[in-house]
2 protein chains.
Amino acid sequence: MAIRSNISIKILAKKLGLSVGSVSKALNNSPEISIATREKVKELAKQYNYTPNHFASNLRNNTSKTIAVVIPQISDSFFSLAINGIEKAAQERGYHIIISITNELFTKESIIINELHNGMVDGILISISRETNHSTHLKEINEIGIPIVFFDRDLEDMDTAKVVTNDFESGYNAVKHLANEQCNNICFLSVSESLSISKKRIEGFKKGVNEFVKNGIHNNIVKCSTDATENHLIIKNLLQDEINRPDGIVVSGEHLTISIYNVCKELGIKIPEQLKIICFSNLAYASCLAPSLSTITQPAFEIGYKATHLLCDSLDGIAVDLKEKIICPSVLEIRESSISKRHI
Amino acid sequence: MAIRSNISIKILAKKLGLSVGSVSKALNNSPEISIATREKVKELAKQYNYTPNHFASNLRNNTSKTIAVVIPQISDSFFSLAINGIEKAAQERGYHIIISITNELFTKESIIINELHNGMVDGILISISRETNHSTHLKEINEIGIPIVFFDRDLEDMDTAKVVTNDFESGYNAVKHLANEQCNNICFLSVSESLSISKKRIEGFKKGVNEFVKNGIHNNIVKCSTDATENHLIIKNLLQDEINRPDGIVVSGEHLTISIYNVCKELGIKIPEQLKIICFSNLAYASCLAPSLSTITQPAFEIGYKATHLLCDSLDGIAVDLKEKIICPSVLEIRESSISKRHI
DNA sequence: TTGTACGCGTTATCAA
DNA sequence: TTGATAACGCGTACAA
């Protein structure tokens with residue numbers, strides 16, 4: 001391995017009887033070189049399938065035309081859709097992307113960010129892990145000139161560009177909807193309480209509870225984990241108590257849905273008759289679930305797409321207000337899991 | 001931007017009153033350097049958060065410690081799970097991964113592969129697009145010394161390492177199962193007929209039909225596309241004809257499930273009473289669908305994990321039989337969508 | 001034990 | 001219009 005007998009400018013130059021410098025200029029369309037030789041050079045380059053050595057030009061230019069995408073997980077419909085948007089925008093702007101997964105761990109996120117100090121990427125697109133609650137690792141790398149754009153999950157104490165959704169309103173609207181459907185013991189299930197998006201959802205949720213569920217229980221935030229069997233237990237505990245059992249749940253964390261549906265099946269709880277559910281999710285299968293799942297659907301593709309263009313703008317020297325916060329609103333998609341079956 | 005005032009060996013050397021060469025050796029644990037100075041150097045390096053410039057060392061060593069992962073799509077549970085496996089293995093072996101998405105397009109796959117000629121990656125992990133039916137682009141890059149490992153979707157005329165599942169048996173077993181459940185007009189829905197995995201699934205399917213569905217219709221392979229609305233029409237067409245309508249479908253292509261479920265809802269066809277379904281899929285939500293979806297579950301994580309270790313073995317100079325074909329068997333998970341409700 | 005010097009493939013500056 | 005040369009940061013053979 002590592003023979004990599006790839007064609008280089010030097011070889012092309014020798015074959016053409018030109019100097020390396022001239023060949024380089026010709027390939028880069030420098031007006032210094034005559035059109036005739038430019039053509040000749042390009043032809044030979046194409047013939048030999050020449051591509052400039054990535055490392056050499058990056059070393060020289062101190063730029064990699066690559067952006068890092070740091071996400072907490074990939075088996076989540078939000079992130080896979082967001083990546084599609086990121087990929088599209090990156091391609092439009094001539095950037096490569098490298099994707100790193102933190103698995104929701106702060107330590108891993110830290111390690112990944114620190115590795116990027118070596119100039120491998122020009123900029124960073126990040127959605128922080130659920131454990132991350134401070135920004136020193138990000139500030140450090142930001143200070144050496146690598147711009148950062150947050151998408152979806154941001155960090156409030158950093159004032160770089162952010163592309164997010166309207167989590168506060170969405171939490172509020174979710175409760176409003178459930179209250180409209182006669183729920184009066186609504187509970188919020190979350191995989192994190194420290195994440196800014198969770199906080200906002202919870203704030204919106206609390207405001208909604210105060211307004212719409214006057215006689216309801218107010219302090220009912222249930223924290224889950226990333227482990228499915230653990231969540232199964234937590235949820236079972238929550239739903240087993242027939243007297244205090246919630247009649248409505250707002251779910252923040254797509255994967256929790258499976259556990260809830262399974263527990264309900266296990267305990268014989270009927271959705272939506274006994275329990276109404278609405279979930280923050282981009283699941284394509286929401287309409288096929290039994291019952292079909294009401295969702296607060298985030299504009300995942302759009303968020304990824306916009307965040308990437310913002311970052312590329314900054315990298316390409318296009319004036320960007322890096323304190324800008326773009327908000328792409330989510331959409332409430334009501335399905336069976338959250339509505340009273342009045343007509344039965 | 002591009003100030004990148006990053007700490008370099010040169011700066012460390014100046015601060016330490018040493019030469020660049022010595023610092024480099026110290027950092028690489030060269031026995032030429034005394035342990036005392038080695039420690040001193042490393043300490044300062046850590047203090048300044050030094051990381052070697054990726055491009056410089058890669059240029060020097062002609063190796064990038066990076067592997068390309070080329071996949072057709074990311075919003076597919078198989079691929080997102082496979083990436084988790086790839087990521088884990090890559091990290092264990094000290095490799096970075098860069099992910100590229102072909103969107104099932106051969107031209108895009110070609111472009112991506114050609115871009116990799118510039119030494120950006122040491123090896124390639126690929127699952128080909130559904131359009132890809134020849135291997136010149138891959139052979140070219142393989143010839144300049146970049147090893148390729150296929151995972152899941154391979155190309156039969158290349159004899160490099162492959163990690164796949166038992167598609168033939170799975171197709172066969174799917175039919176066998178449906179026939180057992182009294183289906184006698186079984187149809188195969190596929191997003192591709194040229195993909196080797198599709199071919200194998202179809203071969204297994206046909207063999208199964210011949211064996212188990214003696215009086216059934218034999219030539220019923222339906223080709224779908226990547227476009228959801230188009231698929232909706234194709235499937236509607238297939239299911240509208242009440243006389244010749246299949247009573248069992250083997251689905252190859254996870255996303256087709258949604259269309260099938262929607263069409264059935266639209267046409268009032270009852271699953272599984274009137275139509276039984278089994279799908280090649282890794283969908284976590286299979287058990288929550290209405291009705292729950294029977295699947296042929298591929299060992300996605302395992303496939304990604306093993307393929308990566310194989311590639312890293314080859315890159316790290318560990319003897320590898322690059323003609324090896326590792327087969328990780330799929331598992332039939334029977335749920336409601338494919339079984340007769342005998343007890344009703 | 002440490003320092004010097006060259007080369008990896010590019011690109012940019014300056015000279016011809 | 002083209003050529004020569006230096007520089008990017010690192011690793012290593014060789015000299016000291």
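Just so we're on the same page: letters track the sequence lines, and every chain starts at 1.
Within the 4.5 Å cutoff, the side chain of A/Lys162 has no heavy atoms near those of the A/Glu324 side chain. The side-chain heavy atoms of A/Phe151 and A/Thr308, taken from C-beta on, include no pair separated by under 4.5 Å.
DNA chain D is contacted by both B/Thr51 and A/Ser19; A/Ser19 maps to the nucleotide lying nearer its 5′ end (nearest heavy atom per residue).
For A/His54 and C/dT11, the NE2 to P distance is 12 Å, given to the nearest whole Å. If you take CD1 of A/Ile33 and C1' of D/dG3, they are 9 Å apart, rounded to a whole angstrom. Regarding A/Leu16, its CG atom lies at a distance of 18 Å from the P atom of D/dT1, rounded to whole Å. Summarising the geometry, the separation between NZ on B/Lys10 and C1' on C/dT4 is reported as 14 Å, rounded to the nearest angstrom. Rounded to whole Å, atom C1' of D/dC10 lies 15 Å from atom CD1 of B/Ile7. In this entry the distance linking CG of B/Asn118 with P of C/dC8 reads 18 Å, nearest Å. Atom P of nucleotide D/dC10 and atom CG of A/Asn58 are separated by 15 Å, given to the nearest angstrom. Going from atom CG of A/Leu12 over to atom C1' of C/dT11 covers 15 Å, rounded to whole Å.
The six-membered or imidazole ring of A/His117 lies away from that of B/Tyr50, with a centre-to-centre distance of 6.0 Å or more.
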Quick one: which protein N/O atoms are closer than 3.5 Å to N/O atoms of nucleotides 11-15 of chain D? Pair and distance per line, please.
{"unit_1": "D/dG11", "atom_1": "OP2", "unit_2": "B/Ser24", "atom_2": "OG", "d": "3.3"}
{"unit_1": "D/dG11", "atom_1": "N2", "unit_2": "B/Arg60", "atom_2": "NH1", "d": "2.9"}
{"unit_1": "D/dG11", "atom_1": "N3", "unit_2": "B/Arg60", "atom_2": "NH1", "d": "2.3"}
{"unit_1": "D/dA13", "atom_1": "N6", "unit_2": "B/Lys25", "atom_2": "NZ", "d": "3.2"}

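Judged by distance alone, the side chains of A/Thr107 and A/Ser110 never bring a donor and an acceptor atom under 3.5 Å apart.
Salt bridge annotation for A/Arg153-A/Glu104: present, with a cationic side-chain nitrogen under 4.0 angstrom from a carboxylate oxygen.
Residue A/Thr37 is classed as a sugar-phosphate contact, given heavy-atom separations below 4.0 Å to backbone atoms only.
Put simply, the side chain of B/Lys325 never gets that close to the backbone of B/Val164: no donor and acceptor are under 3.5 Å apart.
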